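One structure, pasted below without further comment.
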Amino acid sequence: MTSASVVGAATLEELLLRMWRIRAFEIRAMELFEEKLIRGSVHPYIGMEAIAVGVCAALRPDDFITSTHRGHGHCVAKGLDLRRMMAEIIGREDGYCRGRGGSMHITAIEQGMLGADAIVAGSSALAVGAAHGLRLQGRDSVVVCFFGDGAANQGILHEACNLAAVLSAQVIFVCENNEWAISTPASASTRIANIAIRAEGYGFPGVVADGNDVEEMRAVTEAALVRARAGDGPTLIEAKSYRITAHSAATKVDLRPAEELDAWRARDPILQLSRKLVESGVDEARIGEIEAQARADVADAVEFALASPRPDPGAATEDVYAPADWNVLERLS
Amino acid sequence: MTSASVVGAATLEELLLRMWRIRAFEIRAMELFEEKLIRGSVHPYIGMEAIAVGVCAALRPDDFITSTHRGHGHCVAKGLDLRRMMAEIIGREDGYCRGRGGSMHITAIEQGMLGADAIVAGSSALAVGAAHGLRLQGRDSVVVCFFGDGAANQGILHEACNLAAVLSAQVIFVCENNEWAISTPASASTRIANIAIRAEGYGFPGVVADGNDVEEMRAVTEAALVRARAGDGPTLIEAKSYRITAHSAATKVDLRPAEELDAWRARDPILQLSRKLVESGVDEARIGEIEAQARADVADAVEFALASPRPDPGAATEDVYAPADWNVLERLS
Amino acid sequence: MSERELTMAEALNEALHGEMERDPGVFVVGEDIAQIGGLFQVTAGLLDKYGPQRVIDAPISEAGQVGAGVGAALVGCRPVVELQIADFVTLTMDQLVNHAAKWRYMSGGKVTVPFVLRGAVSSGIGMAGQHSQTLEAWFVHAPGLVVIMPSTPYDAKGLLTAAIRDDNPVVFLEKRLLYSRRGPVPEGDYTVPIGVADIKREGTDVTVACYSQGVHLALQAGRQLAEQGIELEIVDLRTLKPLDIETLGNSVRKTGRLVVVSEGARAGGVASEIVARIVDEAYDSLRTAPVRVTAKDTPIPYAAQLERAVMPQVDDLVAAVTGMLEPVAGS
Amino acid sequence: MSERELTMAEALNEALHGEMERDPGVFVVGEDIAQIGGLFQVTAGLLDKYGPQRVIDAPISEAGQVGAGVGAALVGCRPVVELQIADFVTLTMDQLVNHAAKWRYMSGGKVTVPFVLRGAVSSGIGMAGQHSQTLEAWFVHAPGLVVIMPSTPYDAKGLLTAAIRDDNPVVFLEKRLLYSRRGPVPEGDYTVPIGVADIKREGTDVTVACYSQGVHLALQAGRQLAEQGIELEIVDLRTLKPLDIETLGNSVRKTGRLVVVSEGARAGGVASEIVARIVDEAYDSLRTAPVRVTAKDTPIPYAAQLERAVMPQVDDLVAAVTGMLEPVAGS
Ligand SMILES: Cc1ncc(C[n+]2csc(CCOP(=O)(O)OP(=O)(O)O)c2C)c(N)n1
Ligand SMILES: Cc1ncc(C[n+]2csc(CCOP(=O)(O)OP(=O)(O)O)c2C)c(N)n1
Ligand SMILES: [Mg+2]
Ligand SMILES: [Mg+2]
């Protein structure tokens with residue numbers, strides 16, 4: 001497969017395909033974790049596909065994102081190659097990070113992906129600095145920072161938001177409020193109903209959006225992009241959504257009430273978009289084709305990944321430092 | 001002198017005396033810094049006396065405060081002994097911290113002073129934890145956390161506020177907005193007019209108060225105390241004020257516009273309270289007596305401090321660890 | 001009397017239950033520690049027994065949790081804060097080092113900060129760069145902190161109990177791969193003294209200073225080398241600050257040879273500190289240069305064979321020992 | 001040609017002016033660095049020349065500033081972040097170590113993070129517990145970071161220039177007491193190579209490994225000891241990571257004796273690391289045990305005589321040297 005194009009006004013069918021690619025990728029990743037082909041952890045983006053796909057559909061290729069521990073969806077939506085993603089998360093040489101990073105650290109700056117970050121909220125200040133750097137370079141590229149409801153309570157996010165406001169940085173903060181942080185509901189980690197209101201405390205707009213509605217996500221992002229590119233500063237978008245799977249493939253105890261899960265399953269973003277397409281006249285079969293296409297793309301990615309060589313253990317100590325005059329092996333302590 | 005009593009409803013004259021004690025203390029401290037009797041730094045509280053005195057006048061002796069680099073005023077207002085304070089900041093054995101802490105680290109838990117903190121915003125989480133600890137002990141003592149406008153942008157403050165909200169901790173956050181953080185005006189470090197609005201983002205009340213009006217400060221604190229003791233959680237009080245002196249006794253460049261300084265000098269909290277007392281019938285001479293009394297108290301404190309022995313250098317390595325079975329000298333690496 | 005066996009996670013859990021029962025000032029704070037008992041079940045069952053005021057699922061804000069712990073300690077409680085993964089301690093260094101560690105000294109010795117910070121060191125299972133570090137060297141370099149890293153369930157329970165009762169701030173690091181290891185653990189109350197090393201194997205040829213997972217590397221190497229007639233003396237340091245230099249020094253004086261094992265990065269690591277301490281303590285008894293067996297100076301990579309390549313292995317230790325026993329040319 | 005003399009603060013300022021002029025991607029961020037040019041005037045004059053987009057008075061939020069620096073570096077800029085006081089680095093350890101230091105490695109070597117974090121080490125003037133630390137040992141223990149601590153204005157300008165041009169994240173620590181020290185500094189562009197130690201005094205009897213303020217202690221001790229006929233060889237390490245073990249090793253092979261001076265706390269400090277490295281490198285050349293002269297393991301106290309008591313002094317170094325030259329009984 002080739003990486004999905006993210007330019008221009010993608011059709012709804014294209015958006016559905018991207019959402020399905022994410023879902024199919026995560027389903028396979030969870031299986032590969034069970035098969036012990038993936039180590040560490042996998043945090044599936046299942047149920048939240050409309051957020052990343054909607055946001056990234058509004059971006060230009062030269063815009064940037066930063067991502068989280070739950071980052072596969074952001075990568076796919078930003079147009080990364082499923083093959084190299086899969087190779088990374090099973091730890092092979094053709095992976096985006098040559099097997100060094102794994103699931104939580106996919107980085108592809110050439111495609112506007114500044115990096116996934118396994119430190120909750122950790123990448124928020126990076127996004128601000130990247131935006132400021134782009135401004136200095138005379139570029140109007142925007143940086144989107146994805147983070148979770150749990151991440152919203154980290155100090156670094158506060159610092160990043162305030163700094164972004166002061167610098168009028170071209171940043172969009174996207175809070176993926178999926179109601180839970182591992183076993184802790186958002187209602188237990190804050191006393192407020194909408195994280196978006198915190199934007200007022202920094203002096204920029206905060207918007208609540210339906211994170212299961214890909215068109216709404218694209219629309220709110222477009223508005224925020226206009227603001228950002230005009231130099232008017234950041235926007236905080238709170239996308240209300242839910243993760244349909246457990247926190248991670250390794251999760252043992254899941255506290256989410258069955259009714260809550262069922263209610264959100266009924267609002268599955270893929271289901272909703274499919275239904276909408278059918279209502280607008282698209283053939284049921286075409287929907288099936290899209291799913292099949294996505295699954296085939298992922299199967300191809302797995303095949304590619306499994307055929308990719310394992311990294312050479314002898315190279316494990318390389319790339320700690322960038323090349324430099326001093327960087328000759330015997331000087332490295 | 002004996003330490004000022006802070007119990008009960010202090011009269012305005014008593015409050016004026018406390019405010020004068022702070023001012024007189026700071027004036028002498030700046031002189032002693034010039035004379036090189038004080039090392040490091042001195043951050044005078046001059047112009048902000050109404051905040052600490054108003055807030056602490058509302059507290060019970062068994063309530064607690066945490067303080068900042070600009071902490072002398074909080075200490076005096078909380079009823080600490082001027083003698084031991086002065087001995088500390090000139091580095092003598094009779095100081096509150098036996099000369100280990102100095103100006104930025106006065107601690108007197110026995111008087112409800114959990115410690116001054118030279119890490120801007122650093123003590124905010126301490127205040128929350130102390131409050132929770134008091135609750136566990138079945139005490140309804142409240143903890144007041146003083147911090148500056150500059151401190152408001154630190155991550156730890158965000159974490160502390162949110163944690164306090166979630167725990168319904170008996171904390172009062174008092175933001176001393178004196179418009180400047182060293183050379184950086186508050187208007188350059190945030191995009192908002194009132195830091196108090198950030199309280200909404202945590203789900204507790206935020207109040208703006210006139211930090212140069214000691215009665216108003218006492219009144220808003222009383223309201224916050226009722227809330228806190230009832231278990232209803234924290235309040236953020238933003239006290240608008242100004243430091244009349246430069247950032248510290250060591251400051252070389254001071255950017256504050258003369259007009260701004262003049263305007264605030266005219267609103268000097270001591271001046272205002274004195275005027276009010278006179279208007280209400282108090283003799284001008286009595287006002288002068290209060291000032292004289294405060295200056296005498298401070299003179300006595302300086303005399304005491306200078307007579308106090310210098311710490312024994314041989315004891316410099318003591319008290320790193322609390323006594324413990326393992327804590328015999330030869331085991332200490 | 002049949003010896004009861006527990007996993008290290010269960011042993012730690014018993015210590016917490018015991019201390020919370022014993023002292024109402026003990027409380028626990030962390031992410032996902034209450035309702036589900038922590039990702040590794042170290043806090044299991046506490047919420048039901050002690051309620052949400054003493055067993056707190058905190059918002060994700062590690063610095064705030066540590067700072068709150070310090071504040072609660074100042075008013076006389078004994079908080080235990082859990083870091084889900086020890087790497088997140090990077091977020092708390094200011095509260096830990098500029099606050100917990102220094103508050104007593106800066107107050108002139110007037111206050112105490114009885115506070116425990118626990119965290120899981122997670123290398124060895126593919127958690128990659130931001131979830132696999134072990135930073136004990138930093139804490140050893142922060143005067144005021146006690147640093148503990150147990151290797152067995154027995155030690156874990158006794159040391160955590162001692163840590164909670166200690167009046168000083170303690171950093172207590174638990175190797176995640178050891179949580180499921182079983183070993184004998186007495187029921188009820190006991191402490192393992194802080195600052196006392198334990199000789200996990202007696203031997204005459206080479207002293208191995210180690211702790212946490214390193215002890216298990218050493219024990220395995222000890223078995224292999226015994227077959228070749230080489231007898232390791234394995235000194236489990238257990239506490240890195242204070243360091244039991246007496247026990248270690250005596251062992252080195254006996255064997256004349258030292259290998260230090262640490263899973264931390266090599267440069268500036270605990271192994272370097274121990275070499276320097278032995279140079280102070282027993283230089284004249286050394287028959288050969290002490291050798292460090294450590295992780296390499298890299299972040300921890302994801303792929304299995306890369307992670308293995310940067311972490312110290314039993315073979316590295318065996319090679320270090322045999323290397324130092326070879327007759328040196330010219331001597 | 002008369003040699004121009006500058007203070008270290010002026011030398012550092014020249015390096016910043018030079019690099020900002022040369023490379024539009026260089027920008028500086030910090031507290032009070034723009035309008036007033038920094039508390040120590042290291043960034044003086046930059047705002048007027050390069051404007052508020054490149055010379056930024058940031059809100060007090062050290063972690064955010066460091067994180068922003070990393071982000072800007074990722075897109076190709078060369079940010080320089082100033083910590084007003086180096087102790088505040090505790091607030092940034094996560095952004096520095098889990099982000100700046102690791103991003104390249106975790107990306108499989110695809111990205112670079114050309115980022116400099118500067119800060120003033122402020123012991124010696126009564127700034128007390130939270131403003132007097134020197135934590136280079138932590139950074140040495142964080143693979144991916146370069147660590148530089150200059151001792152002279154010449155080195156400071158050349159090393160800061162090199163640091164800004166380097167493609168790696170650099171921690172650059174400046175001893176505050178040295179800011180006002182003068183020394184010859186060439187005009188214009190030059191670099192001092194990273195990873196190359198400088199022999200500040202040649203001698204035959206004892207090698208002193210030192211850096212930053214320690215170099216000045218050593219030079220003073222060297223003058224005193226020369227009067228007694230003892231010749232120190234003073235190796236200014238200048239960069240602690242990478243460490244120029246070659247130069248240091250050669251010196252120790254010549255003198256057979258090593259004293260390491262560091263103002264950091266003793267346990268887990270850089271001095272321990274250097275002893276361990278020399279044990280690896282030149283054990284057989286050592287005629288006596290290497291000795292560490294360091295700060296004591298305490299927070300830094302306020303009162304003058306207490307601060308002096310815990311910080312290493314010239315006398316301590318002199319005593320260490322004479323102690324190791326005394327004939328050892330029985331040898
Ligand atoms: C700083 C930090 N603390 C804790 C963790 C462990 N952890 C990983 S994911 C997670 C929950 C994050 O919740 P949220 O931000 O809502 O994202 P979600 O997983 O729901 O997408 C936690 C606590 C971490 N990775 N980093
Ligand atoms: C974490 C930290 N960063 C920076 C400093 C240096 N510093 C000391 S006071 C100060 C300004 C604080 O401003 P504000 O909070 O408004 O308090 P004010 O001095 O105005 O009372 C700064 C930046 C510090 N002490 N701690
Ligand atoms: Mg969530
Ligand atoms: Mg201020």
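Here is the naming used below: chain letters follow the sequence lines, and residue numbers restart at 1 for every chain. This structure is a prediction, so every number in the text was calculated from the model and none was measured.
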Worksheet item: Do any of residues 170-183 of chain A come closer than 4.5 Å to chain B, heavy atom to heavy atom, and if so which ones, in number order?
Response: none

Worksheet item: By ring-ring contact (aromatic ring centres under 6.0 Å, His included), which residues pair with B:H158, not counting sequence neighbours?
Response: A:H158, B:Y202

Worksheet, complete the sentence: Within residues 228-247 of chain B, contacts to chain A at heavy-atom distances under 4.5 Å involve none

Worksheet, complete the sentence: So CG of B:N162 and CD1 of A:I192: to nearest 0.5 Å the spacing works out to 7.5 Å

Fill in: Interface moiety of B:A199 toward chain A, non-hydrogen atoms closer than 4.5 Å
neither

Practice prompt. Counting only heavy atoms closer than 4.5 Å, note whether B:A188 contacts chain A via side chain, backbone, both or neither.
Written response: backbone

Worksheet entry | side-chain contact (heavy atoms from CB on, under 4.5 Å) against B:R191, all qualifying residues, sequence neighbours excluded | A:A165, A:S168

Worksheet item: If you round to the nearest 0.5 Å, how far is CZ of A:R198 from CD1 of B:I197?
Response: 13.0 Å

Discussion item. With a 4.5 angstrom heavy-atom cut-off, is it the side chain or the backbone of A:A196 that approaches chain B, or both, or neither?
Written reply: neither

